[in-house]
Structure formats: structure tokens, C-alpha cells
Amino acid sequence: YFLFYLGNSFQYPLPWEQCPINMTTNNTVKECSGSSPTSYFWFRKALDITDSIDESGEFNPIMTGCLLAAWAIVCLAMIKGIKSSAKVMYFSSVFPYAVLFIFLVRGLMLDGAMEGIAYMFYPKIEIWAEVQVWRQAATQVFFALGLGYGSVIAYSSYNPIHNNCHRDALMVSCINFMTSVLASLVVFVVLGFRAKNIALDCVTQNLGLLNDMATHGTNHHWWPWFNMSDPASVTIPEYREWYHRYRSQVGTNITDCDLDEEMSKGVEGTGLAFIAFTEAMAQFPASPFWSTLFFLMLLNLGMSTMFGTMQGILTPLMDNFSLLGRHRTMLTVCSCALGFVIGLLFTQRSGNYFVTMFDDYSATLPLIIVVVFETFAVAWVYGADRFLDDIEIMLKWRPPVLYKYLWKYVCLFAMVGLLAASLLRMVFKRPTYTAWNHTTASETTLEYPGWALAMLAMLILAATLPVPVGYFHSWLKNRGMGPEGELAGQEIDRERYTKCNSSDALDSNSQHAPSVEDDGRPRASFLPLCLDHYRLLPQQEDVEEEEEDTV
């Protein structure tokens, strides 16, 4: 989508600024005149969307080409491994900040920016009891921090053994928080500008209707006290004060012009970027420049997210299967090709409905389940105290004990409660999606059909089953080894730890030296060994005394 809009941004005027003309009737296209130019361009020109998820339609050739180009970029950026993807991410991570600051400065100069910021910070207590709000908030945190994907674990596994992970965790959290605030400010100043323009147009239209009534000799006691001949002099609060006082007497053709209602439209999902933002940028001076900058930023954000996600997939595969590790390039190409094939599901004419389905359910609920498993595994199975011991070895100081209780109780129970509430909501309230009706040129809410619900259930199971399956596989494997096999494995791991902590740890010619990455650092699968076997079993204390000097 970003590539398609980026390519169309090099036009003046922008193709979504005005409704196209029907060459047959020489009139504005009905579907566009019934909605808006931005909505028409998104649903008809970009998606060519069907009226429901049941109507699959053929593949959208433009979107299929854009999908191929996007995966080609990801493949080329990651084909040389961690070093090449890290270099690309330097630009893809820094560039969006520059664009956000530029948009913020420009947005603060727009009429309606302050109203947008006030709407952003004004708390709405009545929606705090909605499960959907908390689920979306948790999903936003997971997406922003990369939790549950494995990308953070994959990248951090390349750090030195004594890296200050505590500092990094706090720094990443603070940067993520400040980035979210910055992005939210940009979003709401632009939405405030868009909403105020729409509300002012609404006031002008209603005053025009009142003027028409005045020409026919209509003059009632509820007639407005402000100057209707100059709509620009009438403010939105003045008009709304008059409307709410006499709305029962003015008739149905005179409507309210609510700024907050306009702010709430199109502020989530794809509607935010491709309808609300494009509509606002179309009113900017030099709109093609701002549109190009905006979609170039979104493209960079999408690419950097994909780099982290792919690294979270490729790194465990290469660490656990030596054959794949020796053919990194082929693995990267094949993984990107598989991603392209799977992505064809979303390039159908009904593909955006599947995007919504994955975003609302298949990508969020499994994330919560995976993070619940991760928290339970670290805090209870591995042990929070043991994990704090590992961190103490890395940092040379012990983190506060507060973390232990947060991991074991607060975070775990909060996520389990959120997961249970989300599942109960799905059971008692059938999931719905928003569809585009080309006849009425409006969005309608439809229920997912039975086959879509079955697909949802299978996707959620497919995303979460590897966790318990992997655990039972490991348990059965260790059980089959027996006590002697386990001790032998521990002796090998202990010898590896000795190598890890010695000066020749990176000597790849040594018989027991750990395998290393192309940048000379130990592979991700080796680093946990250095921590896990630092503390020896009681049966090995005599061996520890003999090798104390070596260690």
C-alpha cells in the first residue's frame, strides 16, 4: 500500500484530491460523490475492493506488484546477514524521526492543531471499561517493542556476554514511549486540522440552507443571532450553541457540526493513513511534497519492522540447524519467497478484509498467548530468582527484587486476564468487520462468516501450538537421555563455557570453540550456555576446584 501511494504522490494535483469524471455521462463518478475523493481512491483505485469477505475476486495486479517489490527490498537488505540488515536499519530507524519532527512543526502551524492536541489528552473515562480498548493498547505495546515476535531476542543475542541489558531495556522503553507521544502529537494535530476544516464546511453549508430559507420569507424566533451572510465570521462553538438551543425547531435538513465527532472518524487502522491523513495532506500547500515524505516514512517503518521480524525467524533456524546456517543466502531468499506467496492472500480484491481479520484477531491474540508463555517460562519454569542471577552475572550487580514480583504476578495475571476477557468477548459477541458497500458508497458492519471464524481459530492455534509442542518435545528428549546423558551434556556445556569466558573464545579453529557469526561474535544459541552453566551442579563442585584457575 505504501509503495502504491508513494508512486502516486509524484503528481500534481494528487489523484485523491478530486473525484474523477465519468467519461460516459460527463458527471462525477457516483461512488466518489457519495463518499469522498480519498475514500474512493482507497477503496476503488487502490484496493478495488469487493462488498464482503465472501466475494474473493481476482488478484489485484497493482498490489501484487507492490508486494513483490516490498519483499525484494527486504530480501536484498537481509541477504548478507545481521551486518547488512543492521546497516539498513540505521537509516530506516532514524529517517522517520526526522520526518515526524518536520510534520509536527508544520502541523502546529495549522488551524485546528490545538483542538487536535486537546482531543488527544482529554481522558474519556467511559471507554476504559471496554475490553477492546485494553487489547488494542496491549497490542500496540507488543508491536512497538517487538514483544512476542522474537526479533528483540534475536538481535540482543548478538550482544557481548556482559552487555548492560538493564540499561538497554530501560532506554528502549523510554525511547518507545517518547516515540509514541511524538507520533500521536503528529497524528492529532493533522486530524485536528482535517476535522476543523470539515466542521467549518458543515457550518457554511448549513448557513447556506438558512439563507435559502430567508429568501422565501421564513423568519422565526429561533433565527440565528450571528451574521449568516459571512460564514467565515461564524465560529463552530457559536453555531453549535445556537443549534443545540433550537435543533427541535429547525428541521432535519439543518445538521450539527461536531468537531469531536469528526476527530473520531478514521483514527484507527488503515483509515488513519490512507483516508484521514491523505485527506488532510491534500489541503497542505505543496501537497505532493508532504505526501511523498509521509509515505516514504511509512515505507521505512514497515521495512524496519520486517527486518526485525525476519531476523527473529532466520536466527533461530540458523542456530538450531547447521545446514541452514551454512546456506544463509539461500535461506533468506526462500523465506522471502515464502512470505510473498503467503502475502498473495492479501492482494485479492477482498484482501483488505483479511488484513483486518489478521490485525484484529490472528495477529493480536496469539501475541498475547506467546507473551504469556514467555513470561510463565521465565518467571516460573526457569525461575525468576535464577533469571535474576543470570542478569547479575551480566551486569555485575543485582537488579531490584521488584522485577521478580512483576514478572511472576503483576504482568502475568494482567495478560492472562486480558486474554480471558478477549476470548470471552469473542464467544459472546460474534466478531465483525467493516466492509465497503459500493452501491451506497459507505462503510457497513458485517459479521464474519462461519468459514472465516474457523480460519481465525486455526490461525490462532497455528501461532500458539509451537510453544507447548516445543516444550513437550524438549521434555521427552531430556527424559530419554537419562541421568548419564544429562551429566555428559552438562560436562560438554561446561567446557564450552570455559572457552566462552577465556581469551580464545572466538578461536574458530579450536575443537570446542563456539560457532561464530560473520561479525566474529558468538551465535545466539551459544550465549545462553555461558550464563546457564555458570552455576555448576553440586555434583560438580570438585571439578570446579580443579579448574578454578582456568575459569
Side-chain angles (χ1 to χ4, degrees), residues 104 107-108 112-145 147 173-174 176-196 198-199 202 235-241 243-245 247 255-273 275-277 280 356 359-361 363-365 367-368 371-372 402 405-406 409-434 443 445:
L104 180 60
L108 290 173
M114 293 300 104
E115 286 83 350
I117 293 177
Y119 183 86
M120 169 184 168
F121 286 104
Y122 186 81
K124 295 178 174 57
I125 308 297
E126 64 274 8
I127 67 173
W128 285 18
E130 297 180 11
V131 176
Q132 182 75 358
V133 173
W134 291 101
R135 186 165 65 86
Q136 289 180 347
T139 303
Q140 171 63 26
V141 174
F142 293 159
F143 272 97
L145 292 176
L147 304 179
S173 300
C174 292
N176 176 72
F177 171 74
M178 297 305 298
T179 302
S180 299
V181 173
L182 174 62
S184 299
L185 285 172
V186 173
V187 167
F188 279 95
V189 295
V190 174
L191 289 179
F193 166 71
R194 167 185 173 269
K196 190 162 187 178
I198 294 175
C202 172
T235 63
I236 297 174
E238 282 180 334
Y239 173 81
R240 296 201 69 211
E241 180 185 356
Y243 177 81
H244 284 284
R245 184 179 298 182
R247 61 181 172 182
T255 59
D256 191 12
C257 300
D258 189 354
L259 187 63
D260 288 347
E261 183 181 350
E262 295 298 334
M263 285 287 300
S264 64
K265 293 179 181 178
V267 295
E268 63 178 350
T270 54
L272 174 61
I275 298 179
F277 248 81
T356 304
D359 184 43
D360 288 344
Y361 299 99
T364 56
L365 286 178
L367 267 184
I368 299 176
V371 174
V372 167
L402 174 65
Y405 298 103
L406 289 175
Y409 304 107
V410 179
C411 297
L412 184 60
F413 290 154
M415 286 185 292
V416 169
L418 180 62
L419 177 62
S422 300
L423 293 175
L424 288 174
R425 185 178 183 273
M426 289 181 62
V427 171
F428 292 107
K429 186 177 180 181
R430 191 182 179 108
T432 59
Y433 67 100
T434 302
E443 293 181 301
T445 301

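Reckoned from all heavy atoms, side chains included, excluding hydrogens, waters and symmetry mates. One-based numbering along the sequence shown. From a predicted model like this one, the values you see are computed outputs, not experimental measurements.
F428 meets the side-chain contact (heavy atoms from CB on, under 4.5 Å) test with L424; sequence neighbours excluded. Here Y409 pairs with W380, Y405, F413 under the side-chain contact (heavy atoms from CB on, under 4.5 Å) rule; sequence neighbours left out. Judged as a side-chain contact (heavy atoms from CB on, under 4.5 Å), and not counting sequence neighbours, the contacts of I117 are L108, M114, F121, L185, V189. In this structure T179 satisfies the side chain to side chain donor-acceptor pair (under 3.5 Å) test together with Y97, sequence neighbours excluded. Every residue two or more places apart in sequence or in another chain that forms a side-chain contact (heavy atoms from CB on, under 4.5 Å) with N176 is listed here: A144, L145, S180. Taking E238 as the reference, nothing meets the salt bridge (Lys or Arg N to Asp or Glu O under 4.0 Å) condition, with sequence neighbours excluded.
Within the 4.5 Å cutoff, side-chain heavy atoms of I368 are placed close to those of L418.
Contact detail for M120 and S184: the closest heavy-atom pair is CE-CB, 3.3 Å. The nearest pair of heavy atoms linking C202 to T255 is SG-OG1, 3.9 Å. In plain terms, the two heavy atoms of A113 and G107 that are nearest each other are CB-O, 3.3 Å.
To the nearest 0.5 Å, the span separating CD on E261 from CD1 on I198 amounts to 10.5 Å. Atom CG of L259 and atom NZ of K196 lie 7.5 Å apart (nearest 0.5 Å). Atom CD in E115 sits 7.5 Å away from atom CD1 in I236 (nearest 0.5 Å). One distance of note links CD of E241 with OG1 of T235; it measures 9.0 Å at 0.5 Å rounding.
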Query raised in the report: What do the steps show when you test D256 against H244 for side-chain contact (heavy atoms from CB on, under 4.5 Å), and what is the final call?
Result: CA-CA 8 Å; D256 191 12; H244 284 284; 3.5 Å; yes

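Ring geometry for F188 against Y119 counts as tilted: the plane angle lies between 30° and 60°, on a 0 to 90° scale.
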